[in-house]
Undergrad: 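Just passing along the structure, written as structure tokens.
Fair warning: this is a prediction, and the values are worked out from it, not measured in the lab. Nothing fancy with the numbering, it's 1 onward along the sequence.
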Amino acid sequence: RFSHGADLFFSGKDLFMNSQTREGATMKKKTIVSVIFALILLVSGMMYWKYSNDYTHVIKENWNISIPSDSNYSEVYSKDAGSSFNGDGVRYHAFTYENEEPIEKMFSWKKDQGETIYDGNYLDATNKWLDEINVLAISRPQHTNCVYWYKSHEDHSEIIILWNKKEKRLYIVESFM
């Protein structure tokens, strides 16, 4: 009844070939899974690196302030007092931007020199704080062209944000106690 009875029997060579084919397929699957896993790790690492190097998320956490993303900002300078046990010290960041409309809507900007808790008016306070972390004059805001926004916390930490519309710069100076 079986016309091809010889087809039912496999030689040792055929079994060895099937074993190699299965191992090869398994190796390909393992390689593909490994590559996909490596790519996921790489992309996740790049996203974390970008997030951790973007100071604006820290400003959001500390002051509940966001630089609008639709302003197309980028950080061009930063300096701080270094790490400390209590997180105190001075931090300074300068940003450029392309679209000024969202910057203009961030706050009710003030042209006049308001007063800080400890260090006098905004000009005196920012100069004192920037002196503490040795920021060169070329990297500082030109106050004559700036408008201001100020906030303090109960712990006596302060922030002054300076906006120079002419230079398309946003300067953030923080003093943490």
Undergrad: With Lys105, which residues qualify under side-chain hydrogen bond (donor to acceptor under 3.5 Å, both in side chains), at least two apart?
TA: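 Lys105: side-chain hydrogen bond (donor to acceptor under 3.5 Å, both in side chains) contacts with Glu101.
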
Undergrad: So Val173 and Ile159, side chain to side chain contact (heavy atoms under 4.5 Å, CB included) or not? Walk me through it.
TA: CA-CA 6 Å; Val173 188; Ile159 184 171; over 6 Å; no

Undergrad: Is it possible for you to check whether Arg91 lies under 6.0 Å from the centre of the six-membered ring of Phe176, through NZ or CZ, and within 45° of that ring's axis?
TA: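 That pair qualifies as a cation-pi contact.
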
Undergrad: Enter the distance from Phe95:CZ to Ser78:OG here, rounded to the nearest 0.5 Å.
TA: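 Rounded to the nearest 0.5 Å, the CZ-OG separation comes out at 8.0 Å.
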
Undergrad: Restricting to non-hydrogen atoms, name the atom on Pro141 and the atom on Cys146 that form the minimum distance, rounded to 0.1 Å.
TA: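 Of all heavy-atom pairs spanning Pro141 and Cys146, the closest is CB-SG, 4.2 Å.
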
Undergrad: Is Asp124 reaching over with its side chain to a backbone N or O of Gly120, donor-acceptor style, under 3.5 angstrom?
TA: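 Side chain of Asp124 to backbone of Gly120: no pair is present.
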
Undergrad: Please confirm whether the backbone N or O of Asp70 pairs with a side-chain atom of Asn99, one donor and one acceptor, at under 3.5 Å?
TA: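 Checking the backbone N and O of Asp70 against the side chain of Asn99, a donor-acceptor pair under 3.5 Å is found.
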
Undergrad: Assess whether side chain to side chain contact (heavy atoms under 4.5 Å, CB included) is satisfied between Asp80 and Val90, documenting all intermediate values.
TA: CA-CA 6 Å; Asp80 61 39; Val90 174; over 6 Å; no

Undergrad: Flag the pair Tyr148 / Phe107 as yes when their ring centroid distance falls below 6.0 Å, and as no otherwise.
TA: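 No; Phe107 has its ring centre 6.0 Å or more from that of Tyr148.
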
Undergrad: Sequence neighbours left out, what passes salt bridge (Lys or Arg N to Asp or Glu O under 4.0 Å) with Glu100? Give chain and number order.
TA: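 Glu100 satisfies salt bridge (Lys or Arg N to Asp or Glu O under 4.0 Å) with Lys165 once adjacent residues are dropped.
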
Undergrad: Which value, rounded to the nearest 0.5 Å, describes the distance between Asn127 atom CG and Asn121 atom CG?
TA: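 Answer rounded to 0.5 Å: 9.0 Å.
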
Undergrad: Taking all heavy atoms of His153 and all of Asn62, pick out the closest pair and write down the distance.
TA: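 Looks like NE2-O, 2.8 Å.
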
Undergrad: Applying side-chain contact (heavy atoms from CB on, under 4.5 Å), can you list everything that pairs with Ser66, at least two apart in sequence or on another chain?
TA: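 By the side-chain contact (heavy atoms from CB on, under 4.5 Å) rule, Ser66 matches Lys60.
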
Undergrad: I need the single residue from Tyr171, Trp109, Tyr122 that forms a ring-ring contact (aromatic ring centres under 6.0 Å, His included) with Trp163. Which is it?
TA: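 Going through the options one by one, the only one that passes is Trp109.
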
Undergrad: Output the distance between atom CD1 (Ile161) and atom CD1 (Ile172), rounded to the nearest 0.5 Å.
TA: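 With rounding to 0.5 Å, CD1 (Ile161) is 4.5 Å from CD1 (Ile172).
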
Undergrad: Distance only, no hydrogens: is a donor on one side chain within 3.5 Å (strictly under) of an acceptor on the other, for Trp63 and Glu174?
TA: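 On atom types as modelled, these side chains qualify, holding a pair under 3.5 Å.
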
Undergrad: Does His93 offer a backbone N or O that forms a donor-acceptor pair with the side chain of Lys79 under 3.5 Å?
TA: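 Answer holds: no.
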
Undergrad: Does Trp149 share a hydrophobic cluster with Leu123, counting links as ILVMFWY side-chain heavy atoms below 4.5 Å and allowing steps through other members?
TA: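 Hydrophobic grouping puts Trp149 apart from Leu123.
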
Undergrad: Any side-chain heavy atom of Lys166 within less than 4.5 Å of one from Gln142?
TA: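 Lys166 vs Gln142: side chains apart.
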
Undergrad: Verify side chain to side chain contact (heavy atoms under 4.5 Å, CB included) between Leu170 and Leu162, making sure each step is shown before the conclusion.
TA: CA-CA 6 Å; Leu170 198 62; Leu162 302 91; over 6 Å; no

Undergrad: Can you name the residues that form a salt bridge (Lys or Arg N to Asp or Glu O under 4.0 Å) with Asp131, not counting sequence neighbours?
TA: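 If we apply the salt bridge (Lys or Arg N to Asp or Glu O under 4.0 Å) test to Asp131, skipping adjacent residues, the hits are Arg140.
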
Undergrad: Could you check whether His156 and Tyr118 have their ring centres less than 6.0 Å apart?
TA: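 Here the rings of His156 and Tyr118 have centres that are less than 6.0 Å from each other.
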
Undergrad: Looking at every non-hydrogen atom in both residues, tell me the closest pair between Trp129 and Glu158 and how far apart they are.
TA: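 Result for this residue pair: CZ2-OE1, 3.4 Å.
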
Undergrad: Mind checking what makes side-chain hydrogen bond (donor to acceptor under 3.5 Å, both in side chains) contact with Ser175, not counting sequence neighbours?
TA: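 Testing Ser175 for side-chain hydrogen bond (donor to acceptor under 3.5 Å, both in side chains), a comparison that skips the adjacent residues, returns none.
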
Undergrad: Going by side-chain heavy atoms closer than 4.5 Å, which hydrophobic residues are tied to Leu136, directly or by a chain of links?
TA: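 Once heavy-atom contacts under 4.5 Å are chained together, Leu136 belongs with Ile138.
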
Undergrad: So, for Ser152 and Ile117, which heavy atoms are closest and what is the spacing to 0.1 Å?
TA: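 For Ser152 and Ile117, the tightest heavy-atom pair comes out as CB-CD1, 3.4 Å.
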
Undergrad: Roughly how far, to the nearest 0.5 Å, is the CD atom of Glu98 from the CD1 atom of Ile103?
TA: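 Here the rounded value is 11.5 Å.
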
Undergrad: Quick check for you: to the nearest 0.5 Å, what is the distance between Asp155 atom CG and Asp88 atom CG?
TA: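 Rounded to the nearest 0.5 Å, the CG-CG separation comes to 10.0 Å.
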
Undergrad: Does Lys111, at its NZ atom, have more than 12 non-hydrogen atoms belonging to other residues, nucleotides or ligands within less than 6.0 Å?
TA: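 Check passes, neighbour count above 12.
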
Undergrad: List the steps, then state whether side chain to side chain contact (heavy atoms under 4.5 Å, CB included) holds for Leu130 with Tyr92.
TA: CA-CA 7 Å; Leu130 296 177; Tyr92 174 58; 3.4 Å; yes

